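A short write-up of the structure that comes next.
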Amino acid sequence: MTELLISLRRILDESIDTIVSVCERRNEDFPHLDVPAHPSEFSPQGIRNDPEVAQAIKLGVAAASQLVAALQSPIQAIANLCFLATIPSNIAASERVHVPEIIRNSGDKGMHVTEIVKYNGANVDKLERILRHLATHHIFREVSPRVFAHNMLSSLLDTGKDYKTIIDNPENKYDNTNGLCAFAAMLSDELSKAYPHTADVLADPSIADSQELNETTLQKALNMKHTLWQYLDLPENAFRGRRFNIAMRGISALQPSGTILGLYDWDALPERATIVDVGSGLGHVSLEIAAARPDFRFILEDRPSVVAHAKEYWSQHAPIAMTNAHFLGLDFLHPQPKLPYTPDVFFLRYILHNQPDNYATMLLGHLRKVATEYTKLIIIDFVVEYVCPVPEDSEDAIPGDPSPAAPSPLLTNFGVAGAYPYNMDMVMLSYLNAKERTIGAWRDLLFVSGWKLITVKRDPADRTGWPLIVSEPILSTN
Ligand SMILES: C[S@@+](CC[C@H](N)C(=O)[O-])C[C@H]1O[C@@H](n2cnc3c(N)ncnc32)[C@H](O)[C@@H]1O
């Protein structure tokens with residue numbers, strides 16, 4: 001057993017040595033956990049986004065988290081894991097009463113909890129304990145007894161807006177923000193309410209095998225029959241609906257910027273090509289592509305309420321791109337309407353992971369019906385890997401760009417350092433009966449819907465990020 005500890009320590013040492021040497025070479029310090037996140041975190045220039053550093057971080061985090069599991073007494077480890085649900089609920093609580101905005105201007109010296117509650121009226125004892133619990137998990141700092149300040153993680157919960165502006169207009173709290181706060185707030189609010197009911201769904205014979213969008217843990221948690229999408233459209237959830245759309249901008253920050261442009265040869269498409277952004281949300285990806293190829297035409301398809309928000313968003317953020325954009329409010333589980341142009345690309349980011357297999361087949365089948373032999377299907381969603389080695393020549397190996405496994409004794413998928421797809425899979429299971437898919441599941445899904453998987457493209461600097469999955473129509477002559 002000490003052999004395992006020594007191997008993990010070696011990986012940790014090597015990864016920190018690499019980071020220190022890159023910092024020295026760049027003559028830069030590594031960002032301190034006690035300091036609010038610097039905007040460079042979200043740009044390719046940020047030190048964490050340096051490919052060498054990104055790889056060292058992945059190895060270091062994988063080794064450190066495996067070390068925690070290996071070192072701790074098992075009872076302490078399992079108890080702490082069972083308590084993890086307290087973190088999102090306390091993130092949601094602190095965010096709901098706007099602590100991140102209230103304490104911002106107090107900077108490093110922090111704000112006493114009795115001062116914080118003068119703004120938001122929260123119960124002082126409860127809020128103090130919630131913030132101390134979060135500080136224990138490195139979200140906020142308790143800089144002196146009962147005095148709390150931001151650190152790097154809590155700073156992402158700050159919209160950057162003035163407290164009074166939020167109180168005057170709570171529905172628009174997340175508008176014109178980078179979406180990170182919206183993303184964290186969404187994950188820790190309606191989504192985290194659903195997970196605790198997974199066991200109840202598994203044990204309920206009336207819905208255990210369901211693939212319906214409204215027979216999930218979310219309906220158990222909120223005691224309703226609405227799907228997530230219908231729930232977000234309820235008048236009383238207007239702020240949650242807007243927050244969801246803006247959160248999709250925040251989620252983009254998890255990938256190095258420019259990844260989508262780099263992963264596909266958009267210049268190989270003809271002049272004035274038509275990109276149909278299926279389930280576009282506000283069209284964050286289309287806007288990124290439009291900035292590089294202003295000649296392209298974009299058709300944004302989403303639920304009518306979202307398309308209305310998308311139009312508002314484009315007219316504010318990219319009025320010029322509006323001239324090449326068409327907005328279609330529809331239900332993409334119905335046949336495609338007559339499109340204004342022949343589609344060169346159907347683009348689906350984070351769409352199929354929201355659909356159980358039956359509905360995903362329906363959606364892809366509708367797209368296949370209106371595709372020409374030249375239409376490409378480009379999907380951005382995870383390809384879930386096994387937590388064990390896969391032989392290169394097996395049908396479980398992922399075609400396209402290689403994705404090196406983590407070295408032994410780390411888990412091959414980097415464990416906690418690569419946990420994002422597996423966490424997302426549980427989100428999909430919980431609130432939509434949907435899933436993240438393995439390569440085999442992708443191949444089968446595409447095949448039964450009339451598409452052939454061609455390749456999977458990855459950003460080598462970001463193995464745990466979303467790959468781009470390229471498919472072509474199966475022709476009757478194939
Ligand atoms: C996870 S979001 C992704 C948004 C966008 N593709 C992006 O990456 O920013 C999924 C989107 O699918 C849309 N959607 C879900 N079911 C739909 C349906 N039946 N018809 C049309 N749009 C739908 C939602 O409104 C939401 O905007």
Side-chain angles (χ1 to χ4, degrees), residues 174 178-180 182-183 186-187 190-191 211-214 216 218 226-234 237-238 240-255 257 259-260 263 275-290 298-314 317-318 325 327-337 345-356 358-367 377-382 420-421 424-425 427-428 430-436 465-469:
Y174 309 97
N178 62 13
L180 289 165
F183 179 53
M186 169 190 91
L187 284 180
E190 60 264 22
L191 300 191
Q211 281 207 32
E212 288 307 317
L213 301 172
N214 68 344
T216 75
L218 187 69
H226 296 303
T227 65
L228 172 79
W229 311 117
Q230 291 164 340
Y231 171 77
L232 293 178
D233 272 341
L234 295 175
N237 284 330
R240 288 196 168 89
R242 288 183 81 80
R243 178 171 76 186
F244 185 98
N245 301 337
I246 294 162
M248 293 305 116
R249 177 169 181 208
I251 212 172
S252 303
L254 291 168
Q255 275 196 311
S257 73
T259 303
I260 292 168
L263 284 183
I275 315 291
V276 186
D277 191 344
V278 182
S280 60
L282 299 189
H284 299 294
V285 181
S286 288
L287 278 176
E288 201 176 327
I289 301 171
F298 293 90
I299 301 175
L300 276 68
E301 300 186 342
D302 209 298
R303 292 154 41 227
S305 61
V306 178
V307 161
H309 190 181
K311 264 192 202 162
E312 172 196 321
Y313 189 85
W314 281 51
H317 295 268
F327 297 85
L328 296 183
L330 48 67
D331 181 344
F332 59 39
L333 297 177
H334 292 160
Q336 283 283 303
V345 171
F346 280 120
F347 186 84
L348 291 82
R349 184 178 81 154
Y350 317 149
I351 298 304
L352 292 165
H353 78 162
N354 287 159
Q355 303 297 332
N358 51 351
Y359 289 118
T361 308
M362 203 184 282
L363 164 55
L364 288 173
H366 291 320
L367 301 184
L377 173 70
I378 299 184
I379 295 167
I380 295 195
D381 257 331
F382 288 121
Y420 197 86
M424 248 333 170
D425 189 32
V427 173
M428 297 309 142
S430 288
Y431 80 129
L432 287 162
N433 262 330
K435 53 161 75 155
E436 305 295 345
W466 290 271
L468 193 138
I469 305 164

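These numbers were taken from a predicted model, which means no experiment stands behind them. Hydrogens, waters and symmetry mates play no part in the numbers below; they use all other heavy atoms, side chains included. Each ligand, and each atom within it, is numbered from 1 in the order the structure gives.
Counting protein heavy atoms only, atom 15 (C) of ligand 1 is closest to W229 CE2, 3.4 Å. Of all protein heavy atoms, the one lying nearest to atom 3 (C) of ligand 1 is R349 O, 3.6 Å. Distance from atom 6 (N) of ligand 1 to its nearest protein heavy atom, with residue and atom name: G279 O, 2.6 Å.
For ligand 1, the polar-atom distance check against D302 finds a nitrogen or oxygen pair separated by under 3.5 Å. Between R303 and ligand 1, at least one pair of N/O atoms sits closer than 3.5 Å. The shortest N/O to N/O separation between D331 and ligand 1 falls below 3.5 Å. Polar contact check, E301 against ligand 1: no nitrogen or oxygen pair lies under 3.5 Å apart. Backbone and side-chain nitrogen or oxygen atoms of F332 are examined, and one is located within less than 3.5 angstrom of a nitrogen or oxygen of ligand 1. For ligand 1, the polar-atom distance check finds no N/O of I351 at less than 3.5 Å from any of the ligand's N/O atoms.
Those atoms of ligand 1 with a heavy atom of L330 less than 4.0 angstrom away are 20 (N), 21 (C). When each atom of ligand 1 is checked for a heavy atom of Y350 under 4.0 Å away, the hits are 1 (C), 3 (C), 8 (O), 10 (C). Listed by atom number, the atoms of ligand 1 under 4.0 Å from G281 heavy atoms are 4 (C), 5 (C), 27 (O). With ligand atoms numbered from 1 in the order given, ligand 1 contributes 25 (O) to contacts under 4.0 Å with heavy atoms of V306. Atoms of ligand 1 found under 4.0 Å from any heavy atom of N354, numbered from 1 in the order shown, are 1 (C), 10 (C). Using a 4.0 Å cut-off to heavy atoms of F244, the atoms of ligand 1 that qualify are 1 (C), 2 (S).
A donor atom on one side chain and an acceptor atom on the other are not found under 3.5 Å apart for N433 and T216. There is no side-chain donor-acceptor pair under 3.5 Å between R349 and S280. Donor-acceptor pairing under 3.5 Å is lacking for the side chains of E436 and Y420. With 3.5 Å as the limit, one finds no donor-acceptor pair spanning the side chains of N214 and T227.
In terms of modelled atom types and a separation under 3.5 Å, the side chain of D425 and the main chain of K435 share no donor-acceptor contact. Judged by distance alone, the side chain of D381 and the main-chain N or O of H353 form a donor-acceptor pair under 3.5 Å.
The shortest separation from a heavy atom of L348 to ligand 1 is not under 4.0 Å, leaving the residue out of contact.
Residue contacts with ligand 1 for S252 are absent, since no atom lies close enough (heavy atoms, distance under 4.0 Å).
Remark: R303 does not engage D331 in a salt bridge, criterion side-chain N to carboxylate O under 4.0 Å.
Closest approach of A434 to P356, counting heavy atoms only: CB-N, 3.7 Å. Of all non-hydrogen atoms in L191 and V427, the two that sit nearest each other are CD1-CG1, 3.8 Å. Among all heavy-atom pairs drawn from H366 and L333, the shortest one is NE2-O, 3.0 Å.
Considering R243, M186, R249 as possible partners of Y174, the one that fulfils the side chain to side chain contact (heavy atoms under 4.5 Å, CB included) test is R243.
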